[in-house]
Undergrad: 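I'd like to ask you about the structure that follows.
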Amino acid sequence: MRAGTERTRQRTRRTGRAGRNAALGTAAALLALAGATGCGIRSTNVPVDAGPAPSRASCDTTMETSGTDGAVLTGGAEVFLVCGTRVESVSRTVDTAAVGSDRLEMATVLLTELQNDPGGDEQAAGFTSAVPVDLAVSGPVGDDPETVLRLSQRPSELPAFALAQIICTFAGVEGLGNGHAVVLGGPADSPDPRPQTYPCSAAMRHSPESAPSVGRQL
């Protein structure tokens, strides 16, 4: 009698433990499922690259902005500024009354525009400038072709974005470039002072870091 009772108790304990284990397993599975599907997001072990955060820069200003003194250049002038990861043109009005046909004066005026801080509307659209404020421009020396413009720093040593700005700004101005390229050199006494032709291509405008490598020997 006692043996039968003891066997019944053992079966009851085994059945209870099995039931509790099954219940715990079910609860764990439900928790894992809830964690994986919570808030409608499926879990993954694969890293996800969502890309860079969206830029607030519009890189677009339709307002014709003032130059250093607000004087008007007939037809305006296009200068290239940095916006995000590329360079884009903006319209400027600059004082060229005393410049006339002097190409060096024109280059100096435009270089100054690039060195000045962008105006309020330009800044709001995301524009900046990388051109060093101590950079200067001069004309051809020695046997240089008359198309050469020499910078006080070797083009290859300038920040890439600054060089892209200068190339595209000068290239599009009659008398400085030919509409799509400009001839630039560094100081005449610098190592390898030979000028090079630098084109302002769409690819370079969208990848200004390539600017130092686009120059071609004359």
Side-chain angles (χ1 to χ4, degrees), residues 51-52 55 57-61 73 75-92 94 102-118 122 125-218:
S55 172
S58 67
C59 299
D60 178 40
T61 174
L73 168 64
E78 296 294 318
V79 300
F80 281 76
L81 301 177
V82 178
C83 193
T85 59
R86 62 187 189 273
V87 296
E88 295 282 352
S89 66
V90 298
S91 296
R92 289 280 180 86
V94 296
D102 190 321
R103 65 190 300 269
L104 181 55
E105 288 293 331
M106 173 66 78
T108 301
V109 166
L110 292 175
L111 180 61
T112 300
E113 286 293 319
L114 293 175
Q115 291 168 325
N116 290 337
D117 291 333
E122 293 168 346
F127 288 101
T128 61
S129 181
V131 178
V133 296
D134 58 349
L135 189 68
V137 60
S138 58
V141 297
D143 296 331
D144 285 348
E146 63 180 12
T147 55
V148 171
L149 290 170
R150 287 192 174 274
L151 303 173
S152 59
Q153 189 173 341
R154 294 175 66 188
S156 60
E157 295 176 349
L158 286 170
F161 277 68
L163 180 57
Q165 288 181 255
I166 294 169
I167 291 170
C168 291
T169 298
F170 286 178
V173 176
E174 185 177 358
L176 300 184
N178 61 7
H180 61 83
V182 63
V183 182
L184 299 175
D189 59 354
S190 64
D192 191 15
R194 292 173 296 176
Q196 297 187 7
T197 299
Y198 290 87
C200 174
S201 65
M204 193 268 285
R205 292 195 301 271
H206 284 82
S207 298
E209 62 274 7
S210 67
S213 64
V214 300
R216 298 291 180 267
Q217 294 289 346
L218 296 177

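All values reported here derive from a predicted model rather than from experimental measurement.
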Undergrad: How far does CG of D117 sit from CD of E122, to the nearest 0.5 angstrom?
TA: 10.5 Å
Undergrad: Got a donor-acceptor contact below 3.5 angstrom from the Q165 side chain to the A130 backbone?
TA: yes
Undergrad: With heavy-atom distances below 4.5 Å as the criterion, would you say the side chains of V214 and S201 are in contact?
TA: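 They are not in contact (no side-chain heavy atoms under 4.5 Å apart), so the answer is no.
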Undergrad: Quick one: do I166 and L135 satisfy side-chain contact (heavy atoms from CB on, under 4.5 Å)? Show the steps, please.
TA: CA-CA 11 Å; I166 294 169; L135 189 68; 3.5 Å; yes
Undergrad: Show me the donor-acceptor pairs, under 3.5 Å and distance only, between side chains in residues 157-164 and residues at least two apart or in other chains.
TA:
none

Undergrad: Just wondering, do R205 and R86 contact through their side chains at under 4.5 Å, heavy atoms?
TA: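 A side-chain contact under 4.5 Å is absent here.
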Undergrad: Does the side chain of T169 pick up a donor-acceptor pair with the side chain of E78 at under 3.5 Å?
TA: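 Absent: no donor and acceptor within the cut-off.
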Undergrad: Measure the spacing between CZ of F80 and CZ of F170 and express it to the nearest 0.5 Å.
TA: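 Answer rounded to 0.5 Å: 12.5 Å.
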Undergrad: Spell out, as yes or no, whether a donor-acceptor pair under 3.5 Å connects the side chain of R216 to the backbone of P199.
TA: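 Answer holds: no.
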Undergrad: Are the side chains of Y198 and M204 in touch, meaning some heavy atoms are under 4.5 Å apart?
TA: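 With C-beta onward as the side chain, the pair stays apart.
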Undergrad: Report yes if some heavy atom in the side chain of D144 is under 4.5 Å from a heavy atom in the side chain of P195; otherwise report no.
TA: yes
Undergrad: Within the distance-only criterion (no hydrogens, no angle test), does the side chain of R154 pair as donor or acceptor with the backbone N or O of S190 below 3.5 angstrom?
TA: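 Not confirmed, R154 side chain does not pair with S190 backbone.
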Undergrad: Would you list the pairs meeting disulfide (SG to SG under 2.5 Å) in which at least one residue belongs to residues 180-218, sequence neighbours left out?
TA: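 Passing the test, one end in residues 180-218: C168-C200.
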Undergrad: If you compare all heavy atoms of P140 against all heavy atoms of P145, which two are closest, and at what distance to 0.1 Å?
TA: CB-O, 3.4 Å
Undergrad: Do the non-hydrogen side-chain atoms of R92 and L81 ever get within less than 4.5 Å of each other?
TA: yes
Undergrad: Is a side-chain N or O of R103 found less than 3.5 angstrom from the main chain of L149, in a donor-acceptor match?
TA: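 Answer holds: no.
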Undergrad: Minimum heavy-atom separation for V141 to A188, with atom names?
TA: CG2-CB, 3.6 Å
Undergrad: Please say whether more than 12 non-hydrogen atoms of neighbouring residues, nucleotides or ligands are located less than 6.0 Å from CD in Q217.
TA: yes
Undergrad: Can you name the nearest heavy-atom pair linking V148 to R150, along with the distance?
TA: CG1-CG, 3.9 Å
Undergrad: Would the distance check show the side chain of Q115 and the main-chain N or O of P132 forming a donor-acceptor pair, the cut-off being under 3.5 Å?
TA: yes
Undergrad: I'd like a table of donor-acceptor pairs (distance under 3.5 Å, sequence neighbours excluded) in which one partner is a side-chain atom from residues 176-187, with atom names and distances.
TA:
residue: N178; atom: OD1; partner: H180; partner atom: N; Å: 3.1
residue: N178; atom: OD1; partner: A181; partner atom: N; Å: 2.8

